[in-house]
Amino acid sequence: MNEIPSRYNPKETEDKWYSFWESKNLFAGKVDRAKKPFSIVIPPPNVTGILHMGHALNNTIQDILIRYHRMKGFETLWMPGTDHAGIATQNVVEKAIAKEGLKRQDLGREKFIERVWQWRQQYGSTIIRQLKKLGASCDWKRERFTMDEEYSKAVLEVFVKLYEKGLIYQGSYIINWCPRCQTALSDEEAPHRDVEGKLYYIQYPLKSADSRQLSAESCIVVATTRPETMLGDTAVAVNPKDKRYKHLIGKTLILPLVNREIKIIGDAIVDMKFGTGAVKVTPAHDPNDYAMGKKHHLEFINLMYPDGRLNENAGEYKDMDRFEAREVILEDLQEKGLLEKTEPHALSAGHCYRCHTIIEPYLSKQWFVKMKPLAKPAIEAVKKGKIKFYPKRWTKVYLNWIENIQDWCISRQIWWGHRIPVYYCKKCQEPIVSKIKPEKCPDCSGTDIYQDEDVLDTWFSSWLWPFATFYWPQETEDLKYFYPTSALVTAPEIIFFWVARMIMAGFEFRKEIPFKDVYIHGTVRDIEGKKMSKSLGNIIDPLEIINEYGCDALRFSLISITAQGQDVYLSKERFEQGRNFANKIWNASRFILTNLERENTKTDLCVFFKEKDLSLVNRWILSRFYSVLKEVEQNLEKFKFNEAANLLYSFFWHEFCDWYLELIKPEIKDQETQVVMFKVLEKFLRAMHPFMPFITEEIWQLLQGKTDSESIMVAPWPHIQEQIIDKKSEKKVAGLFETITTIRNMRSELEIPLHEDIEVKIYLNNKVKTAFMQSMQGHIIHLAKLSKLDFEQTYSHGQGQFVLVLKDMHIAVSLKNFDIAQYKAKINQRIEKNKSDIKAKEAMLKNKSFVERAPAEIVENERQKLQELKDSLKKLEGVRDGIN
RNA sequence: GGGCGAUUAGCUCAGUUGGUUAGAGCGCUACACUCACAUUGUAGAGGUCAUAGGUUCAAGUCCUAUAUCGCCCACCA
């Protein structure tokens, strides 16, 4: 019959149209002062990344925004790129060279970095290729990488600027140290996780006491979760108000195992209620103790090597791993009778966000950014609504974090990253901050100069992404045109790492917001609510879904089940809905195309409106389309993608296909119908395109010669024709459908098979409505599959008729096998239901306060409904009485 | 310790400023392939909207507790 297959095959279309778009350069964003810009910078995936469902959701949303605005006539730019992901990438490459039996130290810094670049050359574009599979309409020619030469310039510029402003400083503090990655981490990179720990009670003897005979008076018991750190204790602290210990402040204790003398100090920070009320103080391995150490001028004893083994300060425990040492120390204490008791104790500890190793609070010299001054405008901007979060609740999370912001540790002891632009003179050790290596020391003119070994936190480059991608600090035309960007789409866990910092950087370096709207989508989880992760083995691979169901199916299903900002629970079956919908679009289009006369595709709708009014059915479908389109737009503007997608879905499937196409089948060759069905399809495809780019393009191209644009992606978004929205017609047609549904329902209830002819008579005592129903006679016969449909003004009981009441109508079906008992039962059932409905309504309307206080229209509405119910009841009772 | 989210049909979830008979997808039941589509169509069954109070003429929706699950934050020794 035709050459279009009955099943949509995504494999034949997706790559074809993606290359087509790329070859026509349709993704490119250019400065065009005549148009408004709409720009998004992609959250740059890690260069080591492999596409997962989180990416799929994140990028589908961005692509919808971009494609929608492009069609809306904005000059759009979606800036793509990848992040060098310092620690993650270094770990990956270290693993790779480990297969050759090599450590990075074996290669040396320079050679290792070379290997990383090689690795990037080979595998770094994987994620980009995968994003293309998703249909992402990024301007790929602009692809950026946070380690690019130009980008690095921006990073150095920022470091030097902040340093000169006094916002970057170096100092020795307790930081989060990952003993596995052997680097410092920021607070955000060391999230707290619950750990099942124990609280150990250890006796510290007073110096004055007889060590052979310990009693409650001769020692202080401290409680600790980390007994191994006792080797570095330099005091025991108690609350000065604590009556139990007050008198002991200033006395000396003998630190067990080490036999070092330590003082008892008083400090109000000590919680009298926790443990024993006495706390061991280890200033080099605990942030609280560090503060106390500073305050009370205690000694700082660093116990560990960077890899987490104990160092020479640990005496006989030297070279043991910290957790191994814990066990040995506990045994030794036990042996000496100093371990009073052990209690289970839940606590939370920082974990490295890259390798999940428990963080060691570690005293070391690092570089920091003073955050409070940077935070100020970033707080203001959000409070004043210059930047909006969607959903709104994230505003509070953001503000809570940024109002309590801590200084940012930005130095990392790894090799892969932007090297810190600080140089030292070997002679005088003065740090020199400079974008390029200075030839001599400005202080002592020494020429033996070396660079700081550390690199910068990856996020110290990512936070510049919205403007550094436009070659800032150059004032490029692109930067001036596309910045601030329009929207940012990302996941909640990135708010602190990236979103907040971009806002701060935006103000500090551009004196402006970096984006207006921040859309935070949910986390993709498996059907049990677990986060998808490789280690859990619960991953649904988007590429596999694309392969099996098609990209449009993936995109549509993901979007339709993602309510704004809610987490997404996924199972593979979910994608069947998207696939089925694509197939539905495909087949409806196939049907229309095979019936469409070419000359009718060029006719303008106005012609029909001018000459005569369109038929009701045609008016109705146009009105419905524009009503839905309007809602779709409203939801897109509010970032309610699922609502928008589902509106289009149910319009197309249930209104356009189930009703409209079925209604017009008998008159499909009429010119008016041809034009209308073509227009609705063609406009629907455009509205659908941002969600399902490939199938819409494929069909668009099948319409070739019938449409104006070379690609649907640059066709204009359909303009809402307000004057075509006709709620009266919509209501009328709804009445028609209700009638048809009621007849179908009767057929089904009476178990009359579809192939059996039935005769229906409608009794209706309303001239206008009868005229309308009569004009719809053909449609009713066709869709309810009747052999005959008659109208009569007044109801009278006829033999062998099964009669139901729908509003002001009696609908009578003539039956061959009439079961009077069954009929009576059905009528009585309806009467009972009707009566109870009336009762409820009457009660409502008898309630004085309802009638007095509810808005008049609501009351009026209820009155009308009551009247309708009463009328129906009367009719039903009449029908029942007629039977006897 | 603080904060956030969730609790609605067998399952997974929508539900806008409070206002008809609380919706969808999947699953289930019955029927239907000469018909664009069986990745389909028609009809149907299925809900004390977590619990307890409260506000209101009116609550799935607003308020207060409680329970369960999940997430985030915090210098919990």
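Predicted, not measured: the structure shown is a model, and the values here were computed from it. Order of the sequence lines fixes the chain letters, A, B, ..., with proteins taken first and strands second; residue numbering starts at 1 for each chain.
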Review point. Does some side-chain heavy atom of Phe641(A) sit less than 4.5 Å from a side-chain heavy atom of Glu643(A)?
Key: no
**Study point:** Under-3.5 Å donor-acceptor pair between Lys665(A) side chain and A36(B) base
**Key:** yes
Check your understanding: If the P atom of C62(B) is compared with that of A6(B), how far apart are they to the nearest Å?
Key -> 10 Å
Review point. Leu663(A) CG to U42(B) P: how many Å, rounded?
Key: 12 Å
Check your understanding: Which class fits the ring pair Phe581(A) and Phe652(A): parallel under 30°, tilted 30 to 60°, perpendicular over 60°?
Key -> perpendicular
Side-chain atoms of residues 340-347 of chain A: list all donor-acceptor pairs with protein atoms under 3.5 Å, sequence neighbours left out, distances to 0.1 Å.
{"unit_1": "Lys341(A)", "atom_1": "NZ", "unit_2": "Glu343(A)", "atom_2": "OE2", "d": "3.4"}
{"unit_1": "Glu343(A)", "atom_1": "OE1", "unit_2": "Tyr201(A)", "atom_2": "OH", "d": "3.0"}

Check your understanding: Given atom CG of Asn595(A) and atom C1' of A36(B), what is their separation to the nearest angstrom?
Key -> 8 Å
Check your understanding: Where along residues 647-657 of chain A does a heavy atom fall under 4.0 Å from RNA chain B?
Key -> Tyr649(A), Trp653(A), His654(A), Cys657(A)
Check your understanding: Between A32(B) atom P and Glu756(A) atom CD, what is the distance in whole Å?
Key -> 12 Å
Exercise for review: Can you tell me the distance, in whole Å, between the CD atom of Glu662(A) and the P atom of G41(B)?
Suggested key: 9 Å
Exercise for review: Searching all strands shown, indicate the nucleotide that pairs with A50(B) (Watson-Crick or G-U wobble; both distances under 3.5 Å).
Suggested key: U66(B)
Practice item. Take atom CD of Glu643(A) and atom C1' of U16(B), then tell me their distance rounded to the nearest Å. Key: 8 Å
Review point. Could a donor-acceptor pair under 3.5 angstrom be found where the side chain of Arg7(A) meets the base of U39(B)?
Key: yes
Practice item. Send over the distance from Glu860(A) CD to U20(B) P, rounded to a whole Å. Key: 16 Å
Exercise for review: Using the C1' atom as the reference point in each nucleotide, state the distance between A65(B) and G46(B) in Å, no decimals.
Suggested key: 33 Å
Study note, to complete from the structure: Winner on side-chain proximity to Lys584(A), out of U40(B), U39(B), G15(B), is U40(B)
Practice item. Output the single nucleotide from C75(B), C73(B), A43(B) whose closest atom is nearest the side chain of Phe496(A). Key: C73(B)
**Study point:** Modelled atom types, side-chain donor and acceptor of Thr282(A) and Lys280(A), under 3.5 Å
**Key:** yes
Check your understanding: Under a 4.5 Å cut-off applied to non-hydrogen side-chain atoms, are Glu842(A) and Lys870(A) in contact?
Key -> yes
Review point. Given the rule in the side-chain contact (heavy atoms from CB on, under 4.5 Å) test, do Arg590(A) and Ser6(A) qualify, once you have shown the distances and angles that lead to the verdict?
Key: CA-CA 8 Å; Arg590(A) 184 166 82 115; Ser6(A) 71; 3.4 Å; yes
